[in-house]
2 protein chains.
Amino acid sequence: MPATIKDIREATGLSLATISKYLNGGNVLPKNREKIDEAVKRLHYRPNEIARGLVTNRTKTIGVMVYNIASIFNGTMLSTIGKELRRQGYAMLICDSAGDTEMEHSNVQFLLNKKVDGIIVIPTERNGDFLQPARDAGVPIVIVDRAVDGSEEDCVTINNKEAAEEAVNTLICAGHRKIAVICSEREYTGSRRLLGYLEAMKQNGLEIPEEYVKTGSQTVSYGYQSMRELLALPEPPTAVFMANYDINFGVVMAVNESDFSCPEDISLFGFDDLLLPRIMSPKLYVMKQPMEELGLKSVELLLERIGSKEPMPPRQIVLKATMMKGDSIRTIG
Amino acid sequence: MPATIKDIREATGLSLATISKYLNGGNVLPKNREKIDEAVKRLHYRPNEIARGLVTNRTKTIGVMVYNIASIFNGTMLSTIGKELRRQGYAMLICDSAGDTEMEHSNVQFLLNKKVDGIIVIPTERNGDFLQPARDAGVPIVIVDRAVDGSEEDCVTINNKEAAEEAVNTLICAGHRKIAVICSEREYTGSRRLLGYLEAMKQNGLEIPEEYVKTGSQTVSYGYQSMRELLALPEPPTAVFMANYDINFGVVMAVNESDFSCPEDISLFGFDDLLLPRIMSPKLYVMKQPMEELGLKSVELLLERIGSKEPMPPRQIVLKATMMKGDSIRTIG
DNA sequence: AGCTTATCACGAAACGTTTAGCTCTCGCAT
DNA sequence: ATGCGAGAGCTAAACGTTTCGTGATAAGCT
């Protein structure tokens with residue numbers, strides 16, 4: 001039903017080749033250019049991108065895989081990534097793994113069938129095997145925020161370990177000795193941030209009771225449950241470092257429900273400067289990730305790789321997190 | 001590089017038609033079936049969906065337009081919609097309008113160029129003109145959550161006006177007389193909820209000072225600013241009805257920063273039962289939308305329409321919101 | 001004037017599928 | 001035996017583009 005390039009041929013008397021060339025930015029005689037422009041406008045012609053994709057073998061579509069689209073962290077990342085992709089003429093096909101690694105496997109195959117030109121992925125866990133089919137197919141990949149073990153892909157992350165160290169050192173400087181951590185070892189970010197915590201504690205010669213280290217998962221519910229456990233200990237910590245945005249939520253929920261209050265009884269240090277840290281009272285101390293940069297950089301790397309015919313070595317970009325001060329830390333004599 | 005159906009032909013000696021028929025569920029002789037199965041597995045053959053789309057004129061891809069992908073409300077909706085679409089074999093091409101109606105216009109054209117089989121849209125404002133190109137092209141459309149003025153499309157919403165009435169009546173029953181509202185008139189939901197507020201106030205013979213009615217936009221920042229203004233009035237309200245999830249956030253932020261506290265000095269009633277209402281202390285009273293149902297129903301309507309060759313009359317589905325009690329309302333003598 | 005070069009247009013093949021319509025074979029009922 | 005229909009396979013065209021190689025025209029040089 002919609003007009004095709006053949007209709008333009010009828011209308012102008014020119015050949016398909018000439019019309020196609022002009023529409024793709026080639027040079028034609030001024031009078032032909034006018035004819036084509038007129039016909040395109042009159043017939044509301046728009047190139048069929050499916051047909052184009054078949055012959056050029058490029059769909060101008062990028063697959064984006066996230067571990068959970070309902071998390072505001074991912075939503076914010078997708079917002080930046082989507083806007084930038086669009087600016088460069090690419091569409092964004094989103095696959096939500098919903099925290100399920102099976103689904104993640106299936107998503108890769110799905111995107112390959114859709115013939116995406118490249119894949120941006122914020123993975124569910126540290127195991128990157130699910131990417132194998134894409135590697136085999138030679139589809140460019142960029143991994144964002146959470147690196148995967150032993151990958152050969154481009155990767156954009158932040159200095160997780162150092163950021164965690166800075167956070168924990170801040171707590172220590174405020175006089176805290178009994179500091180707990182809530183994170184996850186299954187994701188890259190959680191494991192790196194845990195290392196930072198351990199390092200800071202060790203450097204300062206502080207003891208780490210086993211029950212102060214919670215390494216389950218980076219979810220709201222795990223944060224909630226862990227915090228309840230911590231507060232119920234015979235000797236609860238005086239400060240807690242939360243290694244991820246969703247954990248922030250769960251922890252704050254648990255504190256609000258308890259008899260403890262922040263910062264009088266318990267000091268908190270979180271991650272990611274999104275809505276929560278600013279909305280709550282007291283304002284939460286956090287390490288802020290440069291999320292926009294993360295998104296922009298990942299798009300840049302991917303399009304670069306798609307554009308270049310030569311194979312390029314994998315690149316590792318590491319951005320820096322910065323501290324945002326709040327009122328959630330009590331200074332201990 | 002990947003295997004094509006022609007490679008299967010070489011491997012089996014069968015014709016393209018036979019192979020295609022079998023792959024699409026047709027019947028072939030057992031020995032041929034075996035041959036094809038073997039070749040498909042050995043060559044890792046997967047049909048090229050681009051080529052298929054060209055001839056069938058169906059891409060098995062749905063365009064989903066949201067007014068802001070970074071909002072957790074939309075993220076949650078997208079999660080449900082995406083999962084259900086996927087279950088039915090469809091991909092989800094997401095376009096974020098980022099609150100910009102220009103962008104929204106451009107998004108429709110973009111999706112049409114991508115030849116999506118249908119469009120699900122959570123619109124930015126009440127004006128639905130941006131959908132015209134899709135209507136002209138005969139692409140099925142379903143509008144979710146926020147209806148648009150005078151549309152002929154399928155539409156899934158909730159009983160906004162009645163829900164707002166219930167909320168305001170709850171405040172009135174608790175003894176409140178000075179009740180303010182924060183919403184927006186530009187969106188369908190905001191304007192309907194405003195009507196509900198006005199109706200409840202009128203039914204109970206309550207006065208509505210002009211400065212108690214804030215109808216700017218449904219964003220965090222507007223909620224924040226409006227609440228500051230309300231609290232600064234010579235005669236501030238004793239209760240506030242917040243007509244949307246983002247507004248909740250802004251309002252709570254403003255209250256936390258002020259000398260007022262909830263519910264002692266100010267009672268609050270919000271919308272949408274997502275993270276915030278549960279996390280905050282005191283727990284927030286809200287009207288809860290059946291978000292999963294909203295998403296599922298919209299997918300169902302769309303696929304039904306895509307599947308049917310006959311034209312169908314537009315359908316209007318209205319779901320019901322329910323009240324979730326909290327501790328954010330003070331009972332006045 | 002004759003030769004070269006640059007510019008533009010064109011015809012035809014190709015991309016990887018689906019599908020309409022035809023042919024062939026086989027078995028069964030008459 | 002003959003006729004018939006069902007089932008399965010095949011050929012070829014079609015979907016709407018891009019692109020390769022060639023041809024034509026005009027302009028620029030000696």
Side-chain angles (χ1 to χ4, degrees), chain A residues 1-37 39-40 43-61 89 91 112-117 137-139 309, chain B residues 1-37 39-40 43-61 89 91 112-117 137-139 309:
Chain A
M1 191 63 110
T4 76
I5 200 172
K6 290 182 184 171
D7 297 324
I8 307 290
R9 172 176 62 182
E10 303 303 319
T12 61
L14 295 167
S15 77
L16 297 183
T18 305
I19 301 168
S20 172
K21 183 171 66 161
Y22 172 59
L23 293 176
N24 287 294
N27 258 339
V28 300
L29 292 182
K31 66 169 182 175
N32 290 336
R33 157 199 309 257
E34 275 175 30
K35 275 198 220 167
I36 299 177
D37 280 341
V40 163
L43 302 175
H44 299 107
Y45 171 74
R46 311 243 63 195
N48 182 325
E49 303 214 1
I50 302 299
R52 175 182 288 169
L54 183 57
V55 41
T56 61
N57 217 15
R58 283 184 282 108
T59 53
K60 285 285 192 172
T61 300
L112 292 180
N113 288 174
K114 288 288 174 192
K115 302 289 171 190
V116 295
D117 293 344
V139 173
K309 268 301 144 205
Chain B
M1 190 63 109
T4 75
I5 199 172
K6 291 181 184 172
D7 297 325
I8 307 290
R9 172 176 61 182
E10 303 303 319
T12 60
L14 296 167
S15 77
L16 297 184
T18 305
I19 301 168
S20 172
K21 183 171 65 158
Y22 172 59
L23 293 176
N24 288 293
N27 257 340
V28 299
L29 293 182
K31 67 168 183 178
N32 290 337
R33 157 199 307 258
E34 274 176 30
K35 276 198 217 164
I36 298 177
D37 281 340
V40 163
L43 302 175
H44 299 107
Y45 170 75
R46 312 244 62 195
N48 182 327
E49 304 214 2
I50 303 300
R52 174 182 290 170
L54 184 57
V55 42
T56 61
N57 215 18
R58 282 186 284 108
T59 53
K60 284 283 192 175
T61 300
L112 292 180
N113 288 176
K114 288 288 176 191
K115 303 287 170 192
V116 294
D117 293 343
V139 173
K309 268 300 145 207

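Not measured: the values here are computed from a predicted model. Each chain gets a letter, A, B and so on, in the order the sequences are listed, and its residues count up from 1.
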If you only use heavy atoms from C-beta on, which nucleotide in [options] is closest to the side chain of [X]?
X: Ala17(A); options: dT19(D), dT11(D), dT17(D); value: dT19(D)
X: Thr56(A); options: dC15(D), dT18(D), dG16(D); value: dT18(D)
X: Ile5(B); options: dG16(D), dT18(C), dG9(D); value: dT18(C)
X: Lys6(A); options: dA8(D), dC15(D), dT18(C); value: dC15(D)
X: Leu29(A); options: dA9(C), dC15(D), dA20(C); value: dA9(C)
X: Arg52(A); options: dT18(D), dG16(D), dC15(D); value: dT18(D)
X: Ala51(B); options: dT17(C), dC10(D), dG16(D); value: dT17(C)

Is any side-chain N or O of [X] closer than 4.0 Å to OP1 or OP2 of [N]?
X: Thr4(B); N: dG16(C); value: no
X: Asn32(B); N: dA8(D); value: no
X: Thr18(B); N: dC10(D); value: yes
X: Tyr45(A); N: dT17(D); value: yes
X: Ser20(B); N: dT18(C); value: yes
X: Asn24(B); N: dT18(C); value: yes
X: Asn27(B); N: dG7(D); value: no

For [X] and [N], give me the distance from atom [atom1] to atom [atom2], rounded to whole Å.
X: Ile8(B); N: dT18(C); atom1: CD1; atom2: C1'; value: 16 Å
X: Asp7(B); N: dC15(C); atom1: CG; atom2: P; value: 11 Å
X: Ile50(A); N: dT18(D); atom1: CD1; atom2: P; value: 13 Å
X: Lys21(A); N: dT17(D); atom1: NZ; atom2: P; value: 18 Å

TODO: Go through Val40(A) and Leu23(A) one step at a time and tell me if the side-chain contact (heavy atoms from CB on, under 4.5 Å) criterion holds.
DONE: CA-CA 10 Å; Val40(A) 163; Leu23(A) 293 176; 4.3 Å; yes
- [ ] Please confirm whether the backbone N or O of Arg52(A) pairs with a side-chain atom of Thr56(A), one donor and one acceptor, at under 3.5 Å?
- [x] yes
